[in-house]
2 protein chains.
Amino acid sequence: MKSITQNLPKCQDCAVRKSALFGELETDHLNKARELRSHQIVIPAGEHLYHEGDESDKAFTIYSGWVSLFKNLEDGNRQILRFALPGDFLCYKMGKNKTLDHSAIALSEVTLCAFPIDRFHTVISELPELAFAISAMTELVTERCHTVLTSIASHTAEAKVAYLLLSLYLRERVLNKTEEKCVQFPITQEDIGDALGLTSIHVNRVFQSLRKQGLIECKSKCLWVPDKAKLAVVAKVSLPELERLMCK
Amino acid sequence: MKSITQNLPKCQDCAVRKSALFGELETDHLNKARELRSHQIVIPAGEHLYHEGDESDKAFTIYSGWVSLFKNLEDGNRQILRFALPGDFLCYKMGKNKTLDHSAIALSEVTLCAFPIDRFHTVISELPELAFAISAMTELVTERCHTVLTSIASHTAEAKVAYLLLSLYLRERVLNKTEEKCVQFPITQEDIGDALGLTSIHVNRVFQSLRKQGLIECKSKCLWVPDKAKLAVVAKVSLPELERLMCK
DNA sequence: ATAAGTTATAAACATAGATTAATTTTTGCG
DNA sequence: CGCAAAAATTAATCTATGTTTATAACTTAT
């Protein structure tokens, strides 16, 4: 883990800002908010950002890279709660209880913008816009959690996998404006199983089937969805609704 | 649906206050916050509180009764997201997007304290404590959602049912201080199935088994758990952690 | 008190997905 | 480049849960 405190990139130039916490703030508010940022952190793939049970004293915005948020189970398995992508705001709790209910691990090399939490609190008191912006993000995460719960509880394995792949594909597509047909996709079939409550073996079976149907192309950490509408049908979700939810 | 605007009960005497939104506010703040309340609403069992897609213009604290929050699926089924009990705060969104992502229906006769949302916003700006209190509740709901997701995704039907029954039993126990061994439990086996992604028939099989093991007694809208620790083992959850999460 | 609608229970059968175990392919590293 | 570890793939078997169909026990309203 490497800390960077000099020559930080400017928030107003940041590629992920529009989809991040400060996305809706006016420029003058932005300058005030930016002062909150203390440093950037670079974390190699596989390393923890924080552990379940830790007290949060920093908040992070992901600048680049993918993160997995999960709970460890008594039987040695883990339940992945969600995958966090650039622009996502992690590890901040406004309430008095600062104990974190889950762990976070870097799936690829990750760069974070870090904010000391105590400064945050005082600024929020003066800047209600920031409180509203944070709450808006929390509400979005909760809505996403509701749709994931729905997908996991009431659909087949094929629909669940299709739902997860499509969600992540849509998010990555808006973040990364390149013209390449594939987007980066740094998770394994086992990660997908841990997120959906399926074995990696069954995830593999579903992958074969989705590939045969021409719904996905996926290898070596890359994903391409030739026809999003078709995959949405298999995922049993309305594509416009999913786009709204995933791309803000 | 009946509206009450006269002789409302006082917040400082309210039986559910300590577990509700204003629970952590000081008395002087409380008086300010209480002015937000416009009226009480009584809703008969089976009637909707609001529908998915509605724009929220009021917020509610449940004063008495149980509510089911759910999404309707294309195949005619519904996914219950959670059951809301007295003290729960519903239907408020701080962010700009006021569209509700789920519906709510009364499971028993429900009395609500209603707050017009526009007044709320201005008060929050002046009273950061209220913003923190609301966020603390949202964070609690999110953590509960994480544990439900975990239970649904990675445990057996027996563990899921045990988890849900124990959660609700613990919540109802702290709300209702009576000495009766049973607590009210106004939901059907089908509701439980809709919450956990199981058929009501399989929920029934699990009920038989839990009863045979002496882990629950449940009939005519009442529930008794003779040994919470034993049920927690079946639910694959740590009882102290669940008690913290469910009883605040 | 009776009828009508819900909710719970029961049993037989079908299947999606888990489990186990082995093999192949890809990735990362010295 | 070549090795070791991780990830993906395949196949055989097993089991938890869904499906279907019926009936019984409650609730609620007339």
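Side chains are part of it too, since the values below use all heavy atoms of this structure and drop only hydrogens, waters and symmetry mates. First the proteins, then the strands, lettered A, B, ... as listed; each starts at 1.
- Salt-bridge check for R82(B) with D88(B): passed, with a basic side-chain N closer than 4.0 Å to an acidic carboxylate O.
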Evaluation steps, side-chain contact (heavy atoms from CB on, under 4.5 Å), between S154(B) and N77(A): CA-CA 9 Å; S154(B) 32; N77(A) 280 112; over 6 Å; no
Side chain to side chain donor-acceptor pair (under 3.5 Å) for Q213(A) and E158(A)? Distances and angles first, verdict last. CA-CA 12 Å; Q213(A) 294 172 69; E158(A) 187 178 59; 2.9 Å; yes
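- Between Y92(A) and F89(A), the two ring planes are tilted [angle within 30° to 60°].
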Tell me, with the steps shown, if H146(B) and Q79(A) meet side-chain contact (heavy atoms from CB on, under 4.5 Å). CA-CA 9 Å; H146(B) 285 168; Q79(A) 176 62 43; over 6 Å; no
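- Between T156(B) and dA16(D), a side-chain N or O to OP1/OP2 separation shorter than 4.0 Å is absent.
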Polar atom pairs (N or O), protein with nucleotides 6-13 of chain D, under 3.5 Å:
unit_1	atom_1	unit_2	atom_2	d
dA8(D)	OP2	Q189(A)	N	3.0
dT9(D)	OP1	R211(A)	NH2	2.9
dT9(D)	OP2	Q189(A)	NE2	2.8
dT9(D)	OP2	N204(A)	ND2	2.4
dT9(D)	OP2	R211(A)	NH2	3.0
dT9(D)	O5'	N204(A)	ND2	3.2
dT9(D)	O5'	Q208(A)	NE2	3.3
dT10(D)	OP2	Q208(A)	OE1	3.4
dT10(D)	OP2	Q208(A)	NE2	3.3

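- Electrostatic pairing of D194(B) and K71(B) does not count as a salt bridge here, judged by no charged N lying under 4.0 Å from a carboxylate O.
- Contact annotation for G197(A): backbone-only contact, meaning every heavy-atom pair under 4.0 Å involves sugar-phosphate atoms and none involves a base.
- With a heavy-atom cut-off of 4.0 Å to chain B, the contacted part of DNA chain C has its first and last nucleotide at dT7(C) to dA12(C).
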I'd like to know whether L239(B) forms a side-chain contact (heavy atoms from CB on, under 4.5 Å) with L166(B), so could you lay out the CA-CA distance, the side-chain angles of the two residues, the decisive distance to 0.1 Å, and finally the verdict. CA-CA 9 Å; L239(B) 183 56; L166(B) 186 55; 4.3 Å; yes
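- Ion pairing of D101(B) with R144(A) is absent here, as no side-chain N (NZ or NE/NH1/NH2) approaches a carboxylate O to less than 4.0 Å.
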